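Below you'll find the structure, written out as structure tokens, and then a few comments.
Scope of the values below: all heavy atoms of this structure, side chains included, with no hydrogens, waters or symmetry mates. Everything numeric here is computed off the predicted structure, so don't read it as measured data. This chain uses plain numbering: 1 for the first residue, then up along the sequence. Every number for a ligand or one of its atoms is a count from 1 in the order of the listing.
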Amino acid sequence: MKIGIVGLGLIGGSIGLELSTVRNSPTHFSHRFQAIAPSEPWLNTQILGVSRRQQTCERAVALGAVDTASENLASLAEADIVLICTPIGLIQPTIEQLVPILQPNAIITDVGSVKQPIVESIDQLWPNFVGGHPMAGTAEQGIDAALLNLFVNRPYVITPSESTPTAATQAVTHLAQVLGANVIQCSAADHDQAVAWISHLPVMVSASLIAATQTEQQPSVMQLACQLASSGFRDTSRVGGGNPELGMMMAQYNRQAVLRSLSAYRQALDQITEQIEQENWPALAEKLTQTQSDRGKFNL
Ligand code: NAP
């Protein structure tokens, strides 16, 4: 079994680290194989990396995230499964380059944070494609940000379409289970609206929050705010202080869903602003009581 990983950054590197750790200690991780057939081939897996820069390839091998790494996609010619872990805008061009290289029965999956535009275009290019999105990350990027256990007990969305072969869906499901993740299957469209609410809108809100603080005109107040910033600001500013390229591509590739969520957010903000302007404390208290209760609905 040969698994290819294209894009050895935070996500690609973390997938490689997890797969090689599981492969090297199968007894320790046997619980991850419970749902998988006894003839499970993961244990003999060879992990082949491809990344843009030679220094990243060398670092990924040194960290043990991949067995071999190259800047050349042709090194994946014999791969059984290929995970595309590049920035979102490079997923389709990368798969276009892989089409003449891979064996026809190879399975391709991706980890892009947006699914509908990717699934719609790749379904035409490669029938054995299953869209995927691990719901895990940090504010860091690059191979040195790769982490073991990043996906453990986290949701891993897969978005097969009506034409996706069952065997491909099963293989990607098993792969996510080997990573320790909990697989959730849904349509690409539902995924994109859901992540607009819980991932892409928070990035825009958090970025706007940081930007708003920078409008403070008094240097002494700004300096004091920087000194006093504590857990509340750390929690609310974290995703706005993350990878700018990723945030930009979330907005670009999930534009309609992000705009719909931003519009609802703007209305909610207007309502709270009005309640404070009008000193309508009972309405504000009711709102905050409701949000305190609603937060419990999320799997945090
Ligand atoms: P990242 O840390 O910046 O990693 C992306 C890697 O892709 C870079 O390290 C770069 O490697 C490599 N790359 C760039 N162009 C390439 C090319 N043409 N061919 C091969 N490799 C190339 O970003 P990331 O956070 O891992 O994000 C990668 C994907 O995961 C994105 O599609 C994103 O939507 C998705 N995702 C991210 C998160 C998150 O929270 N970060 C969570 C879930 C899913 P070099 O060092 O060689 O240039």
Side-chain angles (χ1 to χ4, degrees), residues 4-18 48-63 65-66 69-76 79 82-98 101 108-119 121-122 131-147 149-152 154-159 172 176 179 181-184 188 191-192 194-196 198-200 202-203 206-207 238-254 257-258:
I5 303 174
V6 184
L8 299 171
L10 166 67
I11 299 296
S14 301
I15 289 174
L17 271 184
E18 197 73 34
L48 315 171
V50 172
S51 211
R52 180 177 49 180
R53 291 177 299 152
Q54 177 62 25
Q55 68 192 71
T56 301
C57 294
E58 288 167 11
R59 187 78 182 126
V61 174
L63 289 171
V66 291
S70 154
E71 297 156 87
N72 191 347
L73 288 170
S75 61
L76 303 181
V82 179
L83 292 115
I84 313 296
C85 305
T86 63
I88 298 171
L90 291 170
I91 293 173
Q92 183 179 343
T94 302
I95 295 177
E96 282 168 1
Q97 290 179 61
L98 279 169
I101 293 171
I108 303 181
T109 184
D110 76 312
V111 298
S113 308
V114 178
K115 294 276 59 85
Q116 199 169 14
I118 293 173
V119 170
S121 61
I122 309 301
H133 181 200
M135 301 301 301
T138 69
E140 308 300 319
Q141 63 189 104
I143 185 64
D144 284 305
L147 286 176
N149 294 326
L150 184 63
F151 311 104
V152 176
R154 300 305 311 151
Y156 195 120
V157 184
I158 59 165
T159 61
V172 176
L179 295 172
N182 303 324
V183 177
I184 294 177
H191 164 275
D192 287 359
V195 296
I198 56 83
S199 176
H200 304 175
V203 169
S206 176
R238 185 176 66 82
V239 292
N243 179 349
E245 183 184 29
L246 181 57
M248 203 275 293
M249 288 198 184
M250 287 169 171
Q252 192 181 346
Y253 287 86
N254 201 18
V258 170

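- Summarising the contacts of atom 5 (C) of ligand 1 with A60, C85, A146, the nearest heavy atom is found in C85.
- Annotation: salt bridge (charged side-chain N to carboxylate O under 4.0 Å, His left out) contacts of R59 (sequence neighbours excluded): D144.
- Every atom of ligand 1 with a heavy atom of G7 under 4.0 Å away is listed here by number and element: 7 (O), 12 (C), 21 (N).
- When each atom of ligand 1 is checked for a heavy atom of G137 under 4.0 Å away, the hits are 40 (O).
- Note: an N/O pair closer than 3.5 Å links R52 and ligand 1 by distance alone.
- Residue contacts with ligand 1: A136 is included, with a non-hydrogen atom under 4.0 Å away.
- Between E245 and ligand 1, a contact under 3.5 Å exists for no N or O pair.
- Under a 4.0 angstrom heavy-atom cut-off, L8 registers as being in contact with ligand 1.
- In T56, the part holding a heavy atom less than 4.0 Å from any atom of ligand 1 is the side chain.
- The nearest heavy-atom contact from the protein to atom 44 (C) of ligand 1 is V111 O, 3.1 Å.
- Counting only heavy atoms of the protein, atom 34 (O) of ligand 1 lies nearest to S113 OG, 2.6 Å.
- Remark: ligand 1 atoms within the under-4.0 Å shell around heavy atoms of L90 are 15 (N), 16 (C), 18 (N).
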